[in-house]
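Written below as structure tokens is the structure these notes are about.
Predicted model only: the values in this text are computed from it and were never measured. Just so we're on the same page: letters track the sequence lines, and every chain starts at 1.
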Amino acid sequence: MKHTLSVIVEDRPGALTRITTMFARRGFNIESLAVGPTERAGVSCITLRVDCTQHTLEQIEKQIHKLVNVLRVTELVSGEAVERELLVVRVSSPPERRAELVTTAEALGGRLLDVGPDAVVLELTGTPGEVDAFHELCRPYGVVDLVRTGRIGVPLASARRRAPRRLAAIN
Amino acid sequence: MKITGGDAILRSLEAEGVDVMFGIPGGAIMPTYDAMARGTTVRHVLARHEQGAGHMAEGYARASGRVGVAIATSGPGATNLVTPIADAWMDSTPLVCITGQVRSSLIGTDGFQECDITGITMPIVKHSWLVQDAREIPEVMRAAFHVARSGRCGPVLVDVPRDLQEALIDFSYPETVDLPGWKPPSKVHPLQIREAARAIANARKPVLYVGGGTLNGDACVELRQLAEGGTLPVITTLMGKSAFPEDHELHFGWPGMHGPKWSNLAMNTCDVLVAIGARFDDRVTGKLSAFAAGATVVHLDIDPAEISKLRDADIPVVGPLAKAVGELANEVARHRADGAPAPHAWLDQIRAWRDEFPLRYGSGGDWLKPQRVVETLQALTAGDDVIVTTGVGQHQMWAMQYVQSIRPRSFITSGGLGTMGYGIPAAIGAKAARPEATVVCIDGDGCFQMTAQELTTAVLDDLPIVVVLVNNGYLGMVTQWQDMFFDGRRSHVHLTAQVPDYAKLAEAYGGVGMVVENDADLEPALSEALSIGRTVVVDCRVDPAEHCFPMIPAGAAALDMIEYTETVEEAKAS
């Protein structure tokens, strides 16, 4: 089963490496990874997507928590968190098909970023499912370059607040 | 007044109360060694190889319960520390390793003796620091010691570029540590203790499965209270050996691959298994799915990640073990006082197994038997303040079986990593920690040759140790596996018992060498070795055909162990 983990770390040299090394060392596979700053200076958020059993997930969480630079580990539980991904794509589009492509892309929430003689650059921010759909839409036109950020997320503001799940301490 | 970064490292060690460090100088650590020459209260023991320095620091840490300190230069000096760091990681030994690094301006340029030691050691340290500004040194040193000894103990690395050791800084040692992400468990949940106590007190067939965490967590007194208050049998792992007095009527041996049958029978047929600072290692459990099948598992550990890592814990208790075991002891004693009966029938059963399946070995004709060497050493040192260290292999398992450890921290061995060559340097480190104790290294001839050069350090730094060499001329444990599981095809295991001449080698290093070839010479030689107060190697030429029994083949269920029988002996002889 797939899980999204949000790991809040001190922004210190090697903090990301320590996490990825731990994954590699213990044979856990990372499906996607996004790293960026947070609202606090010197604190970063690493969002990891992993495909594993519940038992492995608990091991991963506990092992991450033991790393000295890690401040907090939480699971973004599906239905209780908002998750987004950014896609940027260069699609080949001869002038005669450009209007059709751009109109469809914009109908799906995409944005036109750049226009060239035989290609356009589009972006889309959406749920991972929407991003997948957008990718499929572009495919018949001819995708030249495509980059996705990997998902990021926060718990929903409207979700009923559960007692935060304590991951490190079993007690 | 400003001081150099190198001086700051030493002032930090002094502020931490470090009395000994183990190391070797080299280019990138020279400013710190220059600071030593200008003066420090910390004794420096000069090793002959950085691996030796690291294992000495480990031996020091295990014998004293304090943080061991090793210091080396960059590049090869640092990579030579990798084995001890990995060893300390596996056995949770608190260690601070200080390495010199090339100048900041050369980092990343493949400079002379440059290597990315923080990168290399990342999977085997609790944390590491590559110091980037000399002003960070006091703060980093403070944090390094704190991380090494708090929570689950383990190694940390501080890598300091040479120019930062030379830079001038204002020194003040911080009183507190600023590590917002490092919060090892400090409390124990009373509900978990209550639940655990109820399960233990009502068990018909309980076993305390005691690991090295009990020693690291200073929980030996509390363990004894728990065992005695609850009348509970204690089985100690290789790493837990000496956490509970082995002459105590409630001690029932050691579990796992070469544990006695009675211990494994008790572990595997118990109804409540209480793991205390133990981690269900494959050498203990054998086939995991068959291990203590059906038992309710109570697992006490400071490290939450050990809970349910291999075996699901029915009742987990996370927290410092002295506190957890102490509170558990009180609760269990209360249950006993309220009438929960002690498991006397179960204890009788384990005693009956012990009588029925004692440790055995053959007479072997003219050959000196390795077990006899360890038994004789045990008889000669019983009641004395003795610390035993070992290498890794057959001799280590015989040491486990035949050395009776009474005092905490008196048996020091490489458990998790299984590092051959650990014994001699660990003994030197233990002697530095406890000069009043007699320190004996039970070593194999294969192990001896991996770190023998440290005998020089034992002699010149006045840290005398007695090496009892169980010399069968073979890489014995590998030979045993080839004999038992590879149809007897012996592949590159013959070392010869005569080359090198170990007694002469001991003398070449400035120590005393003795050779023992038969039973009659054994006791006099060991007696003399133990009494002369010098570094001695007693080369005991033992039966090369001797195998270590019982044995649970790797991956087999614990109860499918192979026992010593005369038939096994005969098969071997033919």
Does any heavy atom of chain B fall under 4.5 Å from the side chain of [X], the backbone, both, or neither of them?
| X | result |
| --- | --- |
| A:Thr56 | neither |
| A:Arg18 | both |
| A:Val68 | both |
| A:Arg72 | neither |
| A:Ile8 | neither |

Chain A heavy atoms under 4.5 Å from B:Pro185: which part of the residue, side chain, backbone, both or neither?
->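 Neither part.
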By a 4.5 Å heavy-atom criterion (distance strictly below it), what part of B:Thr118 contacts chain A: side chain, backbone, both, or neither?
->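 For B:Thr118, neither part sits under 4.5 Å from chain A.
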Ion pair present between B:Arg198 and B:Glu331, side-chain N to carboxylate O less than 4.0 angstrom?
->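 The answer is no: the pair does not qualify as a salt bridge.
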So, [X] versus [Y]: side-chain donor-acceptor pair below 3.5 Å or not?
| X | Y | result |
| --- | --- | --- |
| B:Asp159 | B:Thr99 | yes |
| B:Tyr173 | B:Glu139 | no |
| A:Gln59 | A:Gln63 | yes |
| A:Thr4 | A:Glu83 | yes |

Student check: side-chain heavy atoms of B:Lys287 and B:Asp282 closer than 4.5 Å |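 Of all side-chain heavy-atom pairs linking B:Asp282 with B:Lys287, none is under 4.5 Å.
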Separation between OG1 of A:Thr149 and CG of A:Leu33, rounded to the nearest 0.5 Å |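 Reported value, rounded in 0.5 Å steps: 10.5 Å.
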Chain B interface, residue from A:Lys66, A:Glu10, A:Arg26, A:Arg25 that has the most non-hydrogen pairs under 4.5 Å =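 Winner by heavy-atom pair count: A:Lys66.
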Among B:Gly119, B:Gly151, B:Gly181, B:Ala143, who wins on heavy-atom pairs under 4.5 Å with chain A?
->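 Among the listed options, the one with the most contacts to chain A is B:Gly181.
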